[in-house]
Amino acid sequence: MNHPIPLALEKIITEGKQELVDLIVALTKIPAPSHHEELRAEFCKNYLESFGATGVYIDEAKNVVWPIGCEGSDELTLFLGHIDLVFPDTTELPCEIRNGRIYSPGVGDNTANAAGLMYMAKTLYGLGYTPKKGVLIVLNSCEEGLGNLKGARQIMKDYEGRISEAYSFDGHYESINHNAVGSKRYKIVLKTEGGHSYVAYGNKSAIHYMANLITTIMNMKVPTKAKTTHNVGTISGGTSVNTIAQQAEMMYEYRSEDRECLAIMDKMFFACIEAYRAMGIDIEVTVLGERPCKGVLDEEKLAAMVERTRQIVVDYWPGNRPDIRAGSTDCNIPLSQGVPAICVGVCLGHGMHTREEYIELNSLDAGMKIAAAVMLHYYCVE
């Protein structure tokens with residue numbers, strides 16, 4: 001084994017599993033749509049303070065931040081676990097344990113990981129471990145969808161120039177994300193004169209032109225230098241069956257792990273928009289979100305982080321190898337700013353972004369040892 005954890009720590013992880021499960025269940029019931037994480041943030045702050053954490057605060061982005069040994073250090077390690085969910089619910093979420101699984105919307109993405117980060121922070125604190133050069137434990141907001149990585153942006157801004165590497169506990173440990181899939185997201189509103197379907201027949205229809213615009217956009221040939229995708233995710237519009245539509249809307253995004261490919265998509269997309277405007281069509285384009293690609297950074301340091309984490313996963317998930325791949329996560333922000341960052345989870349499960357999502361209870365045994373080994377690299381015993 002390349003990265004064994006101390007027996008005392010392993011014992012607490014094993015014997016404290018029920019405490020972790022109870023924490024996951026309690027947290028997963030609390031609603032937390034992006035931009036509305038207040039209740040979860042307060043729960044997380046109270047949990048950290050309950051075992052003696054000091055200096056914990058909630059910032060303006062609703063991140064829960066625990067700086068440990070950060071004063072006077074410009075080589076901080078950032079550990080993130082996002083607390084927002086993709087679901088819009090504002091009332092208690094359902095949670096059920098059956099057949100060795102925890103079922104709940106968002107339980108794997110990302111409640112179990114946020115809970116795992118808090119539990120590991122508590123465990124290391126209780127055993128007297130302290131950071132070598134300063135650590136930030138952050139239960140962050142706004143990772144999902146239109147949250148646009150607001151929480152990660154805020155923490156990188158507040159500690160600008162002081163964070164040397166970052167880890168996000170997110171998703172499952174069957175993969176490690178080491179590269180940033182950038183994206184652009186837009187709301188497009190198209191307006192025409194519309195009218196009565198019989199009396200005003202011949203007037204421009206917003207639905208008709210929107211349908212044509214969608215066809216034009218989706219027929220664009222995407223760049224091939226790196227994997228690049230695009231998608232129209234929603235469409236709406238019109239008034240009734242006997243009305244020529246005055247307005248239609250859609251949401252559109254494109255993604256790539258390469259900045260040049262995103263720039264090409266920008267050029268093609270806005271060329272389409274301008275072509276339709278030249279036809280006398282009123283089109284409004286609103287930016288909904290932008291996730292950056294990886295910037296220039298120390299690739300050797302990033303590779304070392306990836307290899308160390310890969311070996312840790314192999315140690316505690318014997319017979320398996322995690323996929324090393326690009327992703328769209330909180331790591332996009334540090335990576336875009338030249339800070340090496342990777343993403344790995346503490347559980348296994350299925351059904352992310354569905355209401356049938358679950359995690360395997362047994363997967364937490366290996367997952368928490370993975371989290372412990374990853375974090376211990378940056379800690380020492382007093």
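We count residues from 1, following the sequence as given.
- With hydrogens and angles left out, the side-chain atoms of Asp59 and Gln154 include no donor and acceptor closer than 3.5 Å.
- A donor atom on one side chain and an acceptor atom on the other are not found under 3.5 Å apart for Thr91 and Asp89.
- The shortest side-chain heavy-atom distance between Leu139 and Lys45 does not fall under the 4.5 Å cut-off.
- Within the 4.5 Å cutoff, the side chain of Phe43 has no heavy atoms near those of the Ile83 side chain.
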Q.
Determine whether Arg310 and Glu307 satisfy the following criterion, salt bridge (charged side-chain N to carboxylate O under 4.0 Å, His left out), listing intermediate values before the conclusion.
A. CA-CA 5 Å; Arg310 185 196 67 80; Glu307 179 57 21; 2.7 Å; yes
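- Aromatic pair Tyr252/Tyr254: ring centres closer than 6.0 Å.
- Shown are Ile24, Val25, Val107; of these, the side-chain contact (heavy atoms from CB on, under 4.5 Å) with Cys95 is made only by Val25.
- We find the CG-CD1 distance between Leu39 and Ile30 to be 7.0 Å, quoted to the nearest 0.5 Å.
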Q: Please lay out, stage by stage, how Lys227 and Glu257 fare under the test salt bridge (charged side-chain N to carboxylate O under 4.0 Å, His left out).
A: CA-CA 7 Å; Lys227 183 177 180 180; Glu257 59 192 80; over 6 Å; no
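- Side chains of Glu144 and Asp109 form a contact here, defined as non-hydrogen atoms less than 4.5 Å apart.
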Q.
Show, in sequence, the C-alpha distance, side-chain angles and deciding distance for Glu284 and Lys191, and conclude whether the salt bridge (charged side-chain N to carboxylate O under 4.0 Å, His left out) test is met.
A. CA-CA 9 Å; Glu284 299 172 1; Lys191 298 177 182 179; 3.3 Å; yes
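- A 4.5 Å side-chain heavy-atom check between Ile102 and Thr111 finds every atom pair outside the cut-off.
- Residue Leu27 comes nearest to Arg40 through the heavy atom pair O-NH2, 3.0 Å, listed as atom of the first residue, atom of the second, then distance.
- Pairs engaging residues 358-373 under the salt bridge (Lys or Arg N to Asp or Glu O under 4.0 Å) rule: Glu10-Lys369, Lys17-Asp365, Arg101-Glu360 [sequence neighbours left out].
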Q: Start with the C-alpha distance between Arg185 and Met251, add both sets of side-chain angles, then the distance that settles side chain to side chain contact (heavy atoms under 4.5 Å, CB included), and finish with yes or no.
A: CA-CA 7 Å; Arg185 292 166 174 169; Met251 290 189 185; over 6 Å; no
Q) Should Leu348 and Trp317 be marked as a side chain to side chain contact (heavy atoms under 4.5 Å, CB included) after you check the CA-CA gap, both sets of side-chain angles, and the distance that decides it? A) CA-CA 11 Å; Leu348 297 176; Trp317 193 34; 3.9 Å; yes
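- Residues Val285 and Arg277 have side chains in contact (heavy-atom distance under 4.5 Å, counting atoms from C-beta outward).
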**Q.** Verdict with supporting geometry, Phe269 and Ile188, side chain to side chain contact (heavy atoms under 4.5 Å, CB included)
**A.** CA-CA 11 Å; Phe269 169 60; Ile188 301 154; 3.7 Å; yes
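- When atom types are taken as modelled, the side chain of Asn63 and the backbone of Gly151 share a donor-acceptor pair closer than 3.5 angstrom.
- Inspection of the Thr309 and Tyr167 side chains reveals no N or O donor paired with an N or O acceptor under 3.5 Å.
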